[in-house]
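Below is one structure, written out as structure tokens, with a few remarks after it.
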Amino acid sequence: MNYIFLLLVTFKIIKRKLMQLKEIMGFQTSQSHSTKWIPQPIFKAKDVPIDVHENSLIQRTTLNLIDHSQANSNYILSGYDSWMVRHPSALNSFERLMKNATGKRIILFLDYDGTLSPIVNDPDRAFMSEEMRATVHEVASYFPTAIISGRSRDKVQDFVKLNNLYYAGSHGMDIMAPSMPITSSAGEHIEIAINKSCTEVPFQPAKKYLPAIREILRILRDEVEEIKGAMVEDNGFCVSVHFRQVQEKDYGLLEEKVKSVLEKHPQFCLTEGKKVMEIRPSIKWNKGNAVEYFLATLGLSSCNDILPVYIGDDRTDEDAFKVIQSREQGYPIIVSSVPRETKALYSLRDPSEVLIFLSRLAKWRKTAY
């Protein structure tokens, strides 16, 4: 009897702790129709009081269970799941996101590497799947869609192979968008070239740096040729040095060579992404500016009924996340399977989840209208 009684008490305690863990891992939802983000604090489990009439053996068992359960909950909330509380899954939140999108015009912005295609060792083989291509084509038929990549515009367009969307390469420094005189969301006039046929024209704010970029590209290729696995990529208005296949012992030497080239060109800066160093012009232009540019050229900058959605995985996408947050409208979504500092409000784990999200978005559009 004592044994059965002990099992029953233990079962009740475990049940209570599981309920508390469920509350901890739950996401708060807002009944508001606003698209503004609502902070979602982490709640700690309350201490469970021990019945003073329970015998000492039961008390010791209970205390051990509580300590073990609290240790497990702290462990769970200290990693990716804790991060997910602050940056909920865009898939799990999809219905709520679309409820807030009712009556608004969605504009879709997508990064390429790590978002539409997996990160691969050879950057020349970062191909998107046919299923992803078909899905992007479908959503672009419903919503204005732009791909903003660190790759050269021609290269990312060659990867995607779609003509029903807009492209921006070199982190937004080479944009192909509808041609029309525009102003930025801050009211500043933006000079663009307008051709006589009023079709798409390139906007290239760093065009004057092209001769220096060509020189940097040539020198870097000579300098890093001896480092096994290093690859120098011409991305139009920036130069990328990939070291994903470089041995760790050579990281320091590679960085030293890249910085030595940069020292001779003070008008350029060095940034780092996922196993890649990038040299680009030191101008006040980034992916966030590219988002503003697209909204302006589409005549949407001052509209209150738009909902920009930006999905990206790179550090350079943070500039775009900031712009969308500053507008207090839209959904910045980061693609990451590990916790990281970000201005994004929502998250997706990897390109496979991006595919599901875009598929749901297209399906929602077909059934909502």
Side-chain angles (χ1 to χ4, degrees), residues 111-128 148-156 158-159 168-174 204-287 312-320 334-342 350-351:
D111 184 23
Y112 182 75
D113 292 275
T115 299
L116 300 181
S117 72
I119 298 293
V120 294
N121 288 333
D122 184 353
D124 288 335
R125 300 191 63 79
F127 304 121
M128 65 191 302
I148 306 177
S149 172
R151 303 274 195 150
S152 69
R153 177 168 53 84
D154 291 341
K155 187 172 293 184
V156 73
D158 188 54
F159 274 134
S170 305
H171 302 292
M173 287 183 284
D174 186 11
Q204 299 169 333
K207 190 173 183 178
K208 69 177 184 179
Y209 294 95
L210 275 178
I213 292 171
R214 301 275 78 80
E215 181 184 358
I216 290 172
L217 183 66
R218 178 184 59 79
I219 296 173
L220 270 177
R221 281 176 170 163
D222 291 339
E223 288 290 326
V224 308
E225 185 179 11
E226 63 188 60
I227 301 178
K228 186 178 180 180
M231 176 180 175
V232 178
E233 183 180 14
D234 179 3
N235 279 318
F237 292 88
C238 63
V239 178
S240 302
V241 182
H242 300 272
F243 56 94
R244 186 169 296 276
Q245 300 187 73
V246 174
Q247 294 183 22
E248 190 171 348
K249 66 180 181 64
D250 292 329
Y251 284 179
L253 176 61
L254 179 62
E255 185 178 14
E256 181 182 324
K257 287 183 175 293
V258 172
K259 287 183 176 179
S260 68
V261 174
L262 187 64
E263 287 175 357
K264 300 173 184 177
H265 297 83
Q267 70 273 39
F268 288 81
C269 63
L270 180 67
T271 61
E272 187 171 332
K274 294 181 177 178
K275 297 291 186 179
V276 60
M277 290 180 283
E278 291 185 318
I279 294 178
R280 42 183 175 150
S282 298
I283 64 172
K284 292 183 178 179
W285 194 268
N286 52 49
K287 288 185 176 182
D313 76 305
D314 196 69
R315 292 179 184 177
T316 57
D317 296 312
E318 293 295 328
D319 295 312
I334 189 171
V335 182
S336 181
S337 59
V338 296
R340 51 188 283 195
E341 287 297 319
T342 180
D350 50 40

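Numbering starts at 1 and runs along the sequence shown.
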* Asked: What are the two closest heavy atoms between Gly150 and Cys238, and how far apart are they?
  ->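 Looking at all heavy atoms of both residues, the closest pair is O-SG, 3.7 Å.
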
* For the residue pair Val261 and Leu220, what are the closest heavy atoms and their distance? ->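 Smallest interatomic distance, heavy atoms only, reads CG2-CD2, 3.9 Å.
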
* **Residues Lys274, Asp313: salt bridge by 4.0 Å N-O rule** =>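 Looking at Lys274 and Asp313, the cut-off is met.
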
* Report the residue from Lys155, Arg218, Arg214 that forms a salt bridge (Lys or Arg N to Asp or Glu O under 4.0 Å) with Asp234. =>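 With Asp234 as partner, Lys155, Arg218, Arg214 yield a single salt bridge (Lys or Arg N to Asp or Glu O under 4.0 Å), made by Arg214.
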
* Residues that Glu278 engages under side-chain hydrogen bond (donor to acceptor under 3.5 Å, both in side chains), provided they are two or more places apart ->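 With sequence neighbours excluded, Glu278 shows a side-chain hydrogen bond (donor to acceptor under 3.5 Å, both in side chains) to His171, Ser240, given in chain and number order.
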
* Sequence neighbours left out, what passes side-chain hydrogen bond (donor to acceptor under 3.5 Å, both in side chains) with Asp174? Give chain and number order. =>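 With neighbours one apart ignored, the set is Arg153, Gln204.
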
* Chi angles and distances behind the side chain to side chain contact (heavy atoms under 4.5 Å, CB included) call for Asp113, Ser149 -> CA-CA 8 Å; Asp113 292 275; Ser149 172; 4.3 Å; yes

* **Criterion side chain to side chain donor-acceptor pair (under 3.5 Å) against Lys287, the qualifying member of Thr316, Asp314, Asp319** =>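 Exactly one option meets the side chain to side chain donor-acceptor pair (under 3.5 Å) with Lys287, and it is Thr316.
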
Under 3.5 Å, is there a donor-acceptor pair between the side chain of [X] and the main chain of [Y]?
| X | Y | answer |
| --- | --- | --- |
| Asp222 | Ile219 | no |
| Tyr112 | Met128 | yes |
| Trp285 | Pro205 | no |

* Asked: Which pairs count as side chain to side chain donor-acceptor pair (under 3.5 Å) when at least one residue sits in residues 245-266, sequence neighbours excluded?
  ->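 Listed once each, the pairs are Tyr251-Lys275, Glu255-Lys259.
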
* salt bridge (charged side-chain N to carboxylate O under 4.0 Å, His left out) with Asp158: which residues, sequence neighbours excluded? ->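 Expected list: Lys161.
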
* To do: List for me each residue that meets side-chain contact (heavy atoms from CB on, under 4.5 Å) alongside Pro123, sequence neighbours excluded, and say none if there are none.
  =>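 Listed in chain order: Arg151, Met231, Glu233, His242.
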
* To do: Would you check if Asp111 and Leu116 make a side-chain contact, meaning some heavy-atom pair closer than 4.5 Å?
  =>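 Not in contact.
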
* Among all residues two or more places apart in sequence or in another chain, which pass the ring pair (Phe, Tyr, Trp, His ring centres under 6.0 Å) test with Phe237? ->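 Phe237 satisfies ring pair (Phe, Tyr, Trp, His ring centres under 6.0 Å) with no other residue.
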
* Any idea how Phe159 and Phe127 line up, ring-wise: parallel (<30°), tilted (30 to 60°), or perpendicular (>60°)? ->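 Ring orientation of Phe159 relative to Phe127: perpendicular.
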
* Asked: Can a donor-acceptor pair be found between the side chains of Ser152 and Asp154 at a distance below 3.5 Å?
  ->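 No, no side-chain donor-acceptor pair sits under 3.5 Å.
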
